[in-house]
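Throughout, protein chains are lettered first and strands after them, A, B, ... in sequence-line order, and every chain is numbered starting at 1. Please read all numbers here as calculations on a predicted model, not as lab measurements.
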There are 2 protein chains.
Amino acid sequence: MIRGKDGSIIPKVVIERLPRYYRYFDWLEDQMEKVSSKKLGELMGSSASQVRLDLSYFGDFGQQGYGYNVTKLKKELARILGIDRQTNFIIVGAGNIGKALVRYDAFFDAGFTLKGIFDIKPSLIGKKINGVTVYHIDDVKSFIKKENIEIAIIAVPKQVANDVAKLLVEGGIKGILNFAPLDLDLPSDFPVENIHIIDKLLALSFIVRHREDE
Amino acid sequence: MIRGKDGSIIPKVVIERLPRYYRYFDWLEDQMEKVSSKKLGELMGSSASQVRLDLSYFGDFGQQGYGYNVTKLKKELARILGIDRQTNFIIVGAGNIGKALVRYDAFFDAGFTLKGIFDIKPSLIGKKINGVTVYHIDDVKSFIKKENIEIAIIAVPKQVANDVAKLLVEGGIKGILNFAPLDLDLPSDFPVENIHIIDKLLALSFIVRHREDE
DNA sequence: TAGATTGTTAATCGATTAACAATC
DNA sequence: TAGATTGTTAATCGATTAACAATC
């Protein structure tokens with residue numbers, strides 16, 4: 001349960017929309033100096049009311065008769081989202097997805113620093129991928145503590161994903177981004193976000209096959 | 001707008017939950033013969049009411065006093081989701097994410113067949129990645145028609161993502177799974193699902209930093 | 001038959017949108 | 001000043017949960 005500005009509870013849907021607001025303000029930065037909730041709503045395909053209510057959970061950023069200053073709001077959102085500070089993370093699993101993520105350079109711009117990769121395959125341990133060392137999974141608990149790791153990305157086969165999650169939680173990890181195609185067995189209030197690629201693709205193909213011309 | 005069993009409109013949230021139901025029935029298959037909505041709700045962390053209402057959009061699959069037959073429901077969901085038939089798709093962009101997806105073997109089990117990869121880099125064209133040929137993006141429109149491609153995965157830099165989307169739609173693609181970190185400029189009713197990795201990670205780290213012990 | 005459990009309708013809850021006083 | 005637009009509260013909408021008759 002997360003509270004905003006004046007102690008009101010921020011709905012999870014609002015939090016999950018925040019990065020999208022940041023993307024729009026980032027894009028707006030070299031388009032215009034100010035933007036109204038009406039204009040932004042049109043751009044984002046949402047209502048002006050939603051824009052104002054969403055932003056109001058975090059502060060009073062606008063000005064009557066003017067709107068929101070784009071540069072200011074981008075800075076505010078960067079601060080709110082922690083983009084302006086460094087967040088240490090690790091990737092567990094150096095398979096296809098794991099390796100692609102190691103090379104994914106968008107993490108850096110969002111303030112995330114990849115401190116290590118973990119796997120179990122002997123031939124990989126000690127190697128570097130894109131300048132980041134691969135360690136043995138047995139060392140992950142001490143590494144989390146020593147290197148002050150906040151977040152872990154799980155990119156291992158589903159058969160071992162829960163074993164990995166258990167190790168991470170024991171090591172003191174604060175949040176997990178899970179790419180394994182299952183729901184991890186974690187305490188119900190533990191921060192976890194899932195990226196289920198096949199789920200998304202199945203929902204998409206269902207929609208494609210069933211949609212009527214509306 | 002998609003209609004179910006008796007012509008009632010199926011909410012999008014329900015459609016997006018379907019693959020998750022399939023995953024649970026797939027797992028249940030070698031655990032038990034039947035499952036009640038109560039039991040399944042406990043497993044999935046949802047209510048028995050939601051399980052029953054969700055499934056009821058697609059048919060009357062249960063039996064009073066018994067519950068749902070696991071094997072039967074898995075088959076029904078496979079049919080509903082189109083897992084039992086082949087869906088042709090392509091990947092556009094042979095960068096880090098694109099290459100990882102080419103090697104991702106979970107597509108096959110969900111009925112998806114990768115027919116081609118598209119890029120613009122001359123050194124890649126004609127090469128094979130994991131047995132699949134890389135073609136030039138200029139050929140994508142004719143390829144979609146000739147090879148009967150339904151879905152495209154966009155895994156290109158955000159600067160060119162909308163150009164790619166335009167080509168795909170002109171070529172007759174039916175749905176897009178977008179990995180580029182922006183919202184594509186498409187007709188509002190065009191089937192698209194987004195996987196915004198950085199958005200997920202930012203929301204997660206916000207939650208990690210702000211959650212109170214509730 | 002009695003107990004269990006469905007599918008569906010009604011009640012509740014939470015999120016979105018509309019309205020509007022405040023004010024730049 | 002007059003017009004524009006905010007932040008917030010009230011009204012509406014849609015999704016979830018509870019209740020229950022039907023029936024295996």
Task: Sugar-phosphate or base contact per nucleotide [nucleotides 4-9 of chain D; S, B, -; heavy atom under 4.0 Å] - done: BBBBB-
Open item on the list: What residues from residues 12-24 of chain B pass a heavy-atom cutoff of under 4.0 Å to DNA chain C?
Closed with: none
Open item on the list: My understanding is that only residues two or more places apart in sequence, or in another chain, count here; which of them pass side-chain contact (heavy atoms from CB on, under 4.5 Å) with B/D54?
Closed with: B/V14, B/R17, B/Y21, B/Q50
Task: Qualifying ring-ring contact (aromatic ring centres under 6.0 Å, His included) pairs with a residue from residues 69-92 of chain A, counting only residues at least two apart or across chains - done: A/F89-A/F107
Task: Gap between atoms CE and P, on A/M44 and C/dT16 respectively (whole Å) - done: 12 Å
Open item on the list: Are A/I10 and B/H210 packed together at the side-chain level, in the sense that at least one heavy-atom pair is separated by less than 4.5 angstrom?
Closed with: no
Task: For atom CG of B/L40 and atom P of D/dT17, their distance in whole Å - done: 14 Å
Task: Partners meeting side chain to side chain donor-acceptor pair (under 3.5 Å) with A/D30 (sequence neighbours left out) - done: none
Task: B/S47 side-chain N/O to D/dT17 phosphate OP1/OP2 under 4.0 Å - done: yes
Open item on the list: According to side-chain contact (heavy atoms from CB on, under 4.5 Å), who are the partners of A/S56, at least two apart in sequence or on a separate chain?
Closed with: A/K5, A/L53
- [ ] Hey, could you give me each pair passing ring-ring contact (aromatic ring centres under 6.0 Å, His included) that has a residue in residues 156-199 of chain A? Not counting sequence neighbours.
- [x] none
Open item on the list: Test of understanding: with side chain to side chain donor-acceptor pair (under 3.5 Å), list the residues that count as partners of B/K75, not counting sequence neighbours.
Closed with: none
TODO: Just need the stems in DNA chain C: three or more back-to-back Watson-Crick or G-U pairs, each with both distances under 3.5 angstrom, sorted by first number.
DONE: C:3-24 with D:3-24
Open item on the list: Using the side-chain contact (heavy atoms from CB on, under 4.5 Å) criterion, which residues pair with B/S205? Sequence neighbours excluded.
Closed with: A/F112, A/I151, B/R209
Task: Partners passing side-chain contact (heavy atoms from CB on, under 4.5 Å) against B/S188 (at least two apart in sequence or in another chain) - done: none
Open item on the list: Under the rule for salt bridge (Lys or Arg N to Asp or Glu O under 4.0 Å), what residues qualify as partners of A/R103, not counting sequence neighbours?
Closed with: none
